Chemist: 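Before anything else, here's the structure in question.
Convention: sequence-line order gives letters A, B, ...; per-chain numbering from 1. Since this is a predicted model, take the numbers as computed values, not measurements.
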Amino acid sequence: MDNVLKTTEMRKSFGKSLLYTLPMFLITFMFITGGKPNFSDPSSGLAMIMVFLLVNVLYFFMHFKGKTDKYRAVLFIIFALSLSYTLIHNMIEVRKSMSFSQADILECRIPFCHLVIPMMILPAVFTKSIIFPGSIISGFANISSMVVLWLVATIVLGRGFCSWGCFYGGWDDGFSRIRKRPVIKKIGELWKWMPFAVLLMVVLTAALSMMPTYCSWICPFKAVTEFEQVTSVESATKAGIFLSLFGGLVVVLPVMTRKRTQCSFLCPLGAINSLSNKITPFTVKIDKGSCNECFKCVYVCPLYALTSEDIKAGKVSLFCSKCGKCVDACSKKAIHYGIRGIPAGTMKNFSRNLFLFVSFLFMAVFSAGSIINTLHGLLKLIF
Amino acid sequence: MKKAKIIAGISWVFFCLILIIILFPGLNSFSLSVSKLPFMKLNPRYTGGEIADKIISKNCTLVIRKPVFNGFLKERNSGFEQLDWHGTIPEIIKASIDYDHDGIKDFCVLIDRKNSKTVLDPIDRKIKGVLISTPTSYGWAVRIGLIK
């Protein structure tokens, strides 16, 4: 173990990187292919192999190059795009439309996503029931499996879920990378507390109205998944809000600021995940002894999770999603992945290897199904 | 103390590592266990309420549900009554419903499926109007607004 690690180098040799990739290779082989790839449908088999290779090549490069964020972002963005494709494809196949009707609501056929979870909590406690027109256990995107996936991910990764597991985050992460330099450089500090205000508002309004208000009125990702059929002024207003918020917070502002503005200023689940950052074993640590206070990490942080005061105090804030951008930007390797209980500046490689294995494994397996589905669809179009 | 913290931290990491490894192969059984928790059932506002009565005619079954006034901390003053027609239903549906089982008909509903037109005759003053009237995969569903 490198508990007295002096080197600041995270890069590994080719052979060592291969060795570190081997466990990921074997586990993803089992989880993605089920242990025996099925080539009875060649395009499906090919898609499966392509995804399996993609995740392992990205993981190998994380070790070989010693960088995290850019390889994470590739899979994260592909995940977001493919999940939207999968949802829309599923909807069109089942209902011949991207919108859902009153009958779909009455028959509880709406796919469930993790953003509903904050609104479920109070009604579940007080009325012992779930306020969502979805399926509890059967079918696509059912409530029980999404709850299990999110619960485990948030315990293990904390707000890391927002950069390693959320199938929406890739949208604004992708748009935030389009420009080389930001046009808007400064946004008020107070805005980063906005998700807590949104959380409070949606939890209370959902409990009072007994409906998931964030999904019904605010969620920007309705624009790229499913939305209520426009049949009235109310449903047209909702569609307008979804499209405006998607355009503003997921496309325009991320491009202008180079930050993930939807995740930073709106997402109520991000606020809950920030709180679970307090229990997760993985953290990002600042070794004050090595830090030269260049504040590059503050500049690159996509979630406004770092300020110069945080760096001086030697602590990252609870908004950190462990994306790795600051870790990659630090030339002194003063900011690094760490483990709770282990002092900053020690066991850097050990902590990073464990964090990457856990977080990347979650993202790889969670994303594989929808990426395979998307690739399969594309391959069928080509051949 | 420092050593104990390090050991606790690493133990927590390995516990989480195992949790992630078993998460996906065990997802179905974990989900099944979660689905059995007492609060894991859909609110009557979404299911339409418990079934109160079934009227079976030739090829069609009318399911009359219990009125739903479900609220967050207490029952609300306004709610709905859901009726579901299953099976081969006629072009014109007509039903007189006594939803509160007091022996007196509370409302009469007439549905013209072809023109998607629903006409409500509110006999009782607690009947507020048609909230939803829509074709479904099993036939047709109507929600009638009620006040207590």
Side-chain angles (χ1 to χ4, degrees), chain A residues 3 27 30-31 101-103 105-109 120 122-137 142-149 151-153 155-157 207-211 279-282 339-343 346-347 350-351 354-355 357-359 361-362 365-366, chain B residues 1-48 68 70-74 76 82 84 131-143:
Chain A
N3 54 340
I27 294 178
M30 290 305 293
F31 288 174
S101 63
Q102 283 185 324
I105 299 173
L106 282 183
E107 292 182 58
C108 298
R109 288 195 307 222
M120 277 171 38
L122 280 184
V125 171
F126 287 94
T127 69
K128 303 236 177 314
S129 63
I130 303 296
I131 52 158
F132 189 82
S135 161
I136 293 284
I137 185 73
N142 67 67
I143 298 170
S144 301
S145 32
M146 281 308 302
V147 167
V148 170
L149 282 167
L151 198 62
V152 171
I155 289 171
V156 175
L157 304 173
L208 293 173
S209 65
M210 298 293 277
M211 65 174 199
I279 53 162
T280 169
F282 300 107
I339 292 172
R340 203 169 290 283
I342 297 176
T346 56
M347 298 171 80
F350 176 72
S351 305
L354 274 174
F355 174 71
F357 184 77
V358 168
S359 53
L361 179 64
F362 180 78
V365 182
F366 191 27
Chain B
M1 187 62 188
K2 205 174 151 188
K3 221 172 185 179
K5 269 186 167 180
I6 295 174
I7 292 169
I10 293 177
S11 308
W12 185 210
V13 164
F14 278 100
F15 173 77
C16 288
L17 175 69
I18 293 165
L19 204 58
I20 286 289
I21 292 174
I22 61 169
L23 172 64
F24 290 98
L27 186 60
N28 286 343
S29 60
F30 295 148
S31 306
L32 197 64
S33 308
V34 165
S35 74
K36 287 176 183 159
L37 292 172
F39 58 83
M40 285 300 268
K41 56 178 189 286
L42 296 182
N43 190 277
R45 288 198 161 265
Y46 297 95
T47 58
V68 175
N70 193 280
F72 176 49
L73 293 174
K74 56 179 180 133
R76 295 173 175 200
Q82 184 167 322
D84 299 308
L131 300 178
I132 299 172
S133 180
T134 180
T136 58
S137 62
Y138 52 79
W140 200 277
V142 168
R143 274 191 185 182

Chemist: Between B:Trp12 (side chain) and A:Ile279 (backbone), is there a donor-acceptor pair under 3.5 Å?
Modeler: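 Side chain of B:Trp12 to backbone of A:Ile279: a pair is present.
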
Chemist: Does A:Cys108 reach the side chain of B:Leu42, with side-chain heavy atoms less than 4.5 Å apart?
Modeler: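 Counting from C-beta outward, A:Cys108 and B:Leu42 do come under 4.5 Å.
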
Chemist: When you measure from the side chain of A:Gln102 to the backbone of B:Ile132, do you find a donor-acceptor pair of N or O atoms at a distance under 3.5 Å?
Modeler: no

Chemist: May I ask you to name which of A:Val365, A:Thr127, A:Leu122, A:Val125 has the most heavy-atom pairs under 4.5 Å with chain B?
Modeler: A:Val365

Chemist: If you count heavy-atom pairs under 4.5 Å between each of B:Leu17, B:Ile20, B:Val34 and chain A, which one has the most?
Modeler: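 So the answer, after comparing B:Leu17, B:Ile20, B:Val34, is B:Ile20.
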
Chemist: For the interface with chain A, which of B:Phe24, B:Tyr46, B:Phe39 has the highest count of heavy-atom pairs at distances below 4.5 Å?
Modeler: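 Counting heavy-atom pairs under 4.5 Å, the top option is B:Tyr46.
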
Chemist: Is there side-chain contact between B:Met40 and A:Ile143, with heavy atoms separated by less than 4.5 Å?
Modeler: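 With C-beta onward as the side chain, the pair touches.
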
Chemist: Heavy-atom pairs under 4.5 Å with chain B - which of A:Ala207, A:Ser209, A:Ala124, A:Ser135 has more of them than the others?
Modeler: A:Ala207

Chemist: With only heavy atoms counted, which part of A:Thr280 is less than 4.5 Å from chain B, the side chain, the backbone, both or neither?
Modeler: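 Just the backbone, heavy atoms under 4.5 Å.
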
Chemist: Over all heavy atoms of both residues, which pair between B:Ile21 and A:Phe31 is shortest? Give the atoms and the distance, please.
Modeler: O-CZ, 3.3 Å

Chemist: Can you tell me which portion of B:Leu73 sits under 4.5 Å from chain A's heavy atoms? Options are side chain, backbone, both or neither.
Modeler: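 Contact with chain A: side chain only.
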
Chemist: Among B:Lys2, B:Lys41, B:Arg45, B:Gln82, who wins on heavy-atom pairs under 4.5 Å with chain A?
Modeler: B:Lys41

Chemist: Side-chain contact test, heavy atoms from C-beta onward, threshold under 4.5 Å: evaluate it for B:Leu23 versus A:Phe362 and give yes or no.
Modeler: yes

Chemist: Side-chain contact test, heavy atoms from C-beta onward, threshold under 4.5 Å: evaluate it for A:Ile342 versus B:Ile10 and give yes or no.
Modeler: yes

Chemist: Please examine the side chains of B:Tyr138 and A:Glu107, heavy atoms only from C-beta on, and report whether any two atoms are closer than 4.5 Å.
Modeler: yes

Chemist: Between B:Ser31 and A:Ile137, is any pair of side-chain heavy atoms under 4.5 Å apart?
Modeler: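 When only atoms from C-beta onward are counted, A:Ile137 and B:Ser31 do touch, with a gap below 4.5 Å.
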
Chemist: Which answer fits B:Ile7, side chain, backbone, both or neither, if we ask what part of it has an atom under 4.5 Å from a heavy atom of chain A?
Modeler: neither

Chemist: Check each atom of A:Leu106 against the heavy atoms of chain B and say whether the ones under 4.5 Å are side chain, backbone, both or neither.
Modeler: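 For A:Leu106, heavy atoms of backbone and side chain both lie under 4.5 Å from chain B.
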
Chemist: Counting heavy-atom pairs under 4.5 Å to chain B, which of A:Gly341, A:Pro123, A:Pro281, A:Ala153 comes out on top?
Modeler: A:Pro281

Chemist: So, using ring pair (Phe, Tyr, Trp, His ring centres under 6.0 Å) as the criterion, who are the partners of B:Phe30 when residues are at least two apart?
Modeler: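 Once residues adjacent in sequence are excluded, B:Phe30 has no partner under the ring pair (Phe, Tyr, Trp, His ring centres under 6.0 Å) criterion.
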
Chemist: Does any backbone or side-chain atom of B:Leu27 lie under 4.5 Å from a heavy atom of chain A? Answer side chain, backbone, both or neither.
Modeler: side chain

Chemist: How are the rings of B:Phe72 and A:Phe126 set to each other: parallel, tilted or perpendicular (split at 30° and 60°)?
Modeler: perpendicular

Chemist: Heavy-atom distance under 4.5 Å to chain A: side chain of B:Ser35, backbone, both or neither?
Modeler: both

Chemist: Is B:Ser137 close to chain A through its backbone or its side chain, or both, or neither, when contacts mean heavy atoms under 4.5 Å?
Modeler: both

Chemist: Please report the interatomic distance NZ(B:Lys36) to CD1(A:Ile136), rounded to the nearest 0.5 Å.
Modeler: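 With rounding to 0.5 Å, NZ (B:Lys36) is 13.5 Å from CD1 (A:Ile136).
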
Chemist: Using heavy-atom distances under 4.5 Å, tell me whether A:Ile27 contacts chain B through its side chain, its backbone, both, or neither.
Modeler: side chain

Chemist: Any side-chain heavy-atom pair from B:Asn43 and A:Phe132 closer than 4.5 angstrom?
Modeler: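 Sidechains of A:Phe132 and B:Asn43: no contact.
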
Chemist: With side chains defined as the heavy atoms from C-beta onward, is the minimum distance between B:Phe14 and A:Leu354 less than 4.5 Å?
Modeler: yes

Chemist: Answer with side chain, backbone, both or neither: which region of A:Met211 has an atom nearer than 4.5 Å to a non-hydrogen atom of chain B?
Modeler: both

